[in-house]
Structures are given as structure tokens and as C-alpha cells.
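The block underneath contains the structure these notes are about, expressed in C-alpha cells.
Index from 1, following the sequence.
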Amino acid sequence: MKIVVSGLRPTGRVHLGNYWGAVKNWVDLQAGYACRYFVADLHALTTDYADTSAIREATLEAVTDWLSVGLDPERSVIFVQSQVPQTAELALVLGMITPLGWLERVPTYKEQLEQLREKELGTYGFLGYPVLMTADIALHRAHLVPVGKDQESHLEICREIVRRFNGMYGEVFPEPQALFTETPKVPGLDGRKMSKSYNNTIALSDTAEEVAKKVMSMVTDPRRARRSDPGNPDECNLFPFHRLYSSQEERAEIDRGCRTAGLGCVDCKKWLIRNMNAALEPVRAKRAGIVASPGYVRDVLESGGEKARALAAETMKGVADAMKLL
Ligand code: TRP
């Protein structure tokens with residue numbers, strides 16, 4: 001069975017953008033692959049080393065949500081990056097063979113240096129972000145890495161580092177392939193990309209009332225200033241959500257109602273709220289069950305960490321052998 005590895009930085013409660021963009025795909029992949037998913041808390045340090053106060057809480061919240069939507073600890077190895085010390089060991093070894101020029105040329109490196117000026121990212125760790133990511137992937141001898149397009153350049157350098165290692169010391173690692181997912185568009189409440197930093201999210205764990213309030217606050221097609229003005233669903237922030245949560249028949253009716261002004265935005269929103277809450281209700285129920293069993297998430301991470309360390313130890317034996325270390 002092919003091995004799938006992916007991670008997400010700990011950003012706390014999962015919102016619908018994270019879910020449709022990554023986590024849903026992780027859940028689906030469990031059916032056909034040996035999957036290993038982790039919270040990349042060491043990667044969080046590359047930009048947030050000066051204030052680590054949110055990391056632990058964000059890690060536990062994220063994993064609680066992963067479990068609530070169907071990541072299954074019986075089928076997948078679910079763990080926290082920092083609990084697998086071989087990650088650091090392999091990153092150090094891979095750092096030895098990674099030319100600085102490769103790292104300096106990664107487009108996200110320069111972009112982020114510019115954009116996050118207040119964070120002083122002129123550190124060794126930040127430059128080494130892709131080396132650490134390569135260690136995550138290579139440690140599991142992963143074949144497939146489901147990621148968003150934003151990670152493309154990281155995956156490219158990862159493949160280069162792996163090739164260089166295999167070329168120098170022998171074929172220890174498969175060359176990992178990115179698995180880019182067709183991610184549906186998930187706009188935020190204000191029409192920009194849904195993102196925690198824009199404060200425009202709907203979280204998986206929001207209550208039914210919160211979902212209703214947030215949907216009611218969403219910006220719709222500006223053409224529909226009055227109830228009697230016809231609109232265009234293709235230019236409405238709401239409609240992408242109907243694509244995710246409403247049936248084809250319902251969408252056809254909404255489309256017609258919007259274009260003919262037969263259906264008002266408030267009714268359209270109420271329709272979405274009903275469907276969204278129906279879909280989120282089982283997730284909330286599962287979450288409530290998890291939260292009600294204290295220690296459950298920590299137990300999952302403890303046993304996931306144990307499995308991950310055992311798999312990593314195997315790989316590191318192969319690495320030491322290939323490199324003729326004792
Ligand atoms: N860099 C990824 C992100 O920001 C997170 C990540 C870290 C990752 N290590 C990984 C993803 C290994 C896939 C495989 O989203």
C-alpha cells in the first residue's frame with residue numbers, strides 16, 4: 001500500500017476553508033492508502049518562535065477537529081511532529097547535503113521575508129523550512145503528499161533533496177509525489193479567501209446559532225441592492241457554499257430564483273443555514289463526545305507518536321547504514 005504523509009501547521013480550530021482544502025481529502029485518502037498525518041508544530045516555530053504561547057492549545061484543538069470529521073486513529077497514524085525526535089535528526093542530516101542556493105531560491109522564502117518583516121525571519125530555521133519538511137516526508141518514506149498548490153515549491157525542493165541523497169548514498173527514499181487536490185472555492189464571510197488572519201471564518205465547531213449569524217452577515221451579489229433586483233449566483237459569495245452543501249435540485253432552484261429575483265438573499269441564506277447545519281451537526285456531536293472524554297485526544301497522539309517513532313527508527317537505521325555511520 002502506498003504511503004501518504006501530510007501535515008498542517010497548528011492554527012487552532014479547523015474552519016471550512018481548511019476542511020474543504022485539506023482535511024476532507026485526508027479523510028478520503030484513508031480508504032486507499034497508509035496515511036500518516038501530523039501537526040507541524042516545529043514548522044510553527046519557524047515564524048512564531050518569539051511567541052509560542054498559542055501552539056499547544058492550537059495543536060489540541062486542531063486534532064480534536066480532525067477526529068470529529070473522520071480521521072480515524074485505527075487506520076491512520078496521527079501525531080505531533082515534535083514528538084518524533086527523528087524528524088530533527090533527519091533534518092540535520094539532510095541539511096548537510098542541501099545547497100544554500102536551493103533554499104534561497106524558494107519563492108515563498110523571499111515573499112515571506114518581505115511580508116512578515118516584523119517577525120525577523122533572518123534565521124537559520126526559517127531558511128531551512130523546506131529541509132524540515134523534507135525530513136517529515138522522507139522519514140515515512142512517503143510516496144504521496146497531499147498539499148495545496150501553495151506548497152508546490154516546497155515539494156519540488158523536497159524531491160531534489162531526496163534525489164541528491166539517493167544519488168550520494170543509495171536508494172533509501174522513494175521520490176515523493178505531490179498530490180494536488182482540486183479544492184473547491186471557499187470564500188470567507190467578507191468575500192476574501194477564508195483565513196483566520198482575516199477573521200472571516202466559519203469553524204467546524206461553531207454552534208448552529210453562530211453559523212446562522214455568520215451566514216446572515218455574509219456579503220451577497222452587490223447587484224441585489226433591493227429585493228426586486230435580479231442577481232447572478234456566479235458573482236455571489238454565498239453560492240460557492242450552496243455548491244458544497246445544497247443538492248443539485250436545490251441549486252437549480254436557487255440559481256433561477258436569484259436570476260429572476262423570485263428568491264431573496266435572506267431566504268437563500270436561510271436555505272444555506274439549514275443545509276450547512278444539517279451537515280455540521282454530526283461533526284459537532286462527534287466533537288462533543290471527544291471533548292467529554294478527557295485525555296482522549298492526548299491518548300490518540302500518544303499512541304500515534306509511538307507508532308510514528310517506531311516507523312521513523314526503521315528509516316533512520318536505513319539512513320545510518322547507507323551513510324556508513326556506526
Ligand atoms: N508546510 C506545510 C504547510 O504550511 C505543512 C507541512 C509541514 C507539511 N511538513 C509537511 C505538509 C510535510 C506536507 C508534508 O501547510
| task | Check whether any side-chain heavy atom of Arg259 sits under 4.5 Å from a side-chain heavy atom of Pro233, and report yes or no. | result | yes
| request: Begin with the C-alpha distance, continue with both residues' side-chain angles, and end with the deciding distance and a verdict on side chain to side chain contact (heavy atoms under 4.5 Å, CB included) for Thr220 and Cys268. | output: CA-CA 10 Å; Thr220 54; Cys268 183; over 6 Å; no
| request: Apply side chain to side chain contact (heavy atoms under 4.5 Å, CB included) to the pair Ile137 and Val162, showing each step before the final yes or no. | output: CA-CA 10 Å; Ile137 295 165; Val162 161; over 6 Å; no
| Distance-minimising heavy-atom pair for Leu144 and Lys2 | CD1-CD, 4.3 Å
| query | What distance do Glu306 atom CD and Leu301 atom CG have between them, rounded to the nearest 0.5 Å? | reply | 12.5 Å
| said: Between Asp136 and Arg36 (salt bridge meaning N to carboxylate O under 4.0 Å), is one present in this structure? | reply: no
| task | Give the cluster check for Val319 versus Ile97: same hydrophobic cluster or not, with ILVMFWY residues linked at side-chain heavy-atom distances below 4.5 Å. | result | yes
| In one Ile/Leu/Val/Met/Phe/Trp/Tyr side-chain cluster, 4.5 Å: Val63, Tyr19 | yes
| note | For Ala62 and Val14 the tightest heavy-atom approach is O-CG2, 4.1 Å
| Salt-bridge contact Glu61-Arg287 (side-chain N to carboxylate O under 4.0 Å) | yes
| remark: Note: Arg141 and Ile3 closest approach over all heavy atoms is O-CD1, 3.8 Å
| Are there more than 12 heavy atoms of other residues, nucleotides or ligands under 6.0 Å from atom CZ of Arg298? | no
| Hey, does Phe173 have a side-chain heavy atom less than 4.5 Å from the side chain of Leu90? | yes
| query | SG/Cys258 to CZ/Arg224 distance, rounded to the nearest 0.5 angstrom? | reply | 5.0 Å
| field | CA sep, side-chain torsions, deciding dist, call: Val147, His154, side chain to side chain contact (heavy atoms under 4.5 Å, CB included) | value | CA-CA 10 Å; Val147 281; His154 291 150; over 6 Å; no
| Counting only heavy atoms not in Glu118, do more than 12 fall under 6.0 Å of its CD? | yes
| said: Against Phe126, only a single residue in Thr47, Leu103, Leu116 fulfils side-chain contact (heavy atoms from CB on, under 4.5 Å); can you say which? | reply: Thr47
| said: Would you compute the distance between atom NZ of Lys270 and atom CG of Leu263 and round it to the nearest 0.5 angstrom? | reply: 11.0 Å
| said: A cation-pi test, strictly: NZ or CZ of Lys149 under 6.0 Å from the centre of the six-membered ring of Phe180 and no more than 45 degrees from its axis. Yes or no? | reply: yes
| field | From Arg13, Lys214, Lys213, His15, residue fulfilling side chain to side chain donor-acceptor pair (under 3.5 Å) relative to Asp206 | value | Lys214
| request: Step through the shown structure and confirm whether more than 12 heavy atoms of other residues, nucleotides or ligands are within 6.0 Å of CZ on Arg56. | output: no
| query | Does any non-hydrogen side-chain atom of Asn277 lie less than 4.5 Å from one of Arg284? | reply | yes
| task | Answer yes when Lys24 and Asp28 have at least one side-chain N-carboxylate O distance shorter than 4.0 Å, and no when they do not. | result | yes
| query | Can you say whether the rings of Tyr245 and Phe241 are parallel (under 30°), tilted (30 to 60°) or perpendicular (over 60°)? | reply | parallel
| request: Return yes when atom CG of Asn199 has more than 12 non-hydrogen atoms of other residues, nucleotides or ligands closer than 6.0 Å, and no otherwise. | output: no
| said: For a 4.5 angstrom cut-off between non-hydrogen side-chain atoms, does Leu67 reach Ile78? | reply: yes
| task | Could you check if a side-chain atom of Phe239 sits within less than 4.5 angstrom of a side-chain atom of Asn232, using non-hydrogen atoms only? | result | no
| field | Asp229 and Arg226 ion-paired at < 4.0 Å | value | yes
| said: Checking Leu155 against Gln177 for the side chain to side chain contact (heavy atoms under 4.5 Å, CB included) test, could you report, in this order, the C-alpha distance in whole Å, the side-chain angles of both residues, the deciding distance, and whether it holds? | reply: CA-CA 8 Å; Leu155 251 292; Gln177 300 262 340; over 6 Å; no
| query | Atom CD of Glu74 and atom CG of Asp72: how far apart are they, to the nearest 0.5 Å? | reply | 6.0 Å
| field | Under-4.0 Å salt bridge between Asp321 and Lys317 | value | no
| message | Between Val39 and Leu8, is there a side-chain heavy-atom distance shorter than 4.5 Å? | response | no
| query | Under 30°, 30 to 60°, or over 60°: which ring-plane class applies to Tyr37 and Trp26, parallel, tilted or perpendicular? | reply | parallel
| field | Min side-chain heavy-atom separation Gln81-Val84 under 4.5 Å | value | no
| request: Find out whether Phe38 and Gln83 are in side-chain contact, i.e. whether some heavy atom of one side chain is under 4.5 Å from a heavy atom of the other. | output: no
| query | Going by an N to O cut-off under 4.0 Å, is there a salt bridge joining Arg309 and Glu302? | reply | yes
| Without hydrogens or angle criteria, can the side chains of Trp102 and Glu160 be said to hold a donor-acceptor pair below 3.5 Å? | no
| Counting heavy atoms not belonging to Glu120, are there more than 12 under 6.0 Å from its CD? | no
| field | Centroid-centroid under 6.0 Å between His140 and Phe79 rings | value | yes
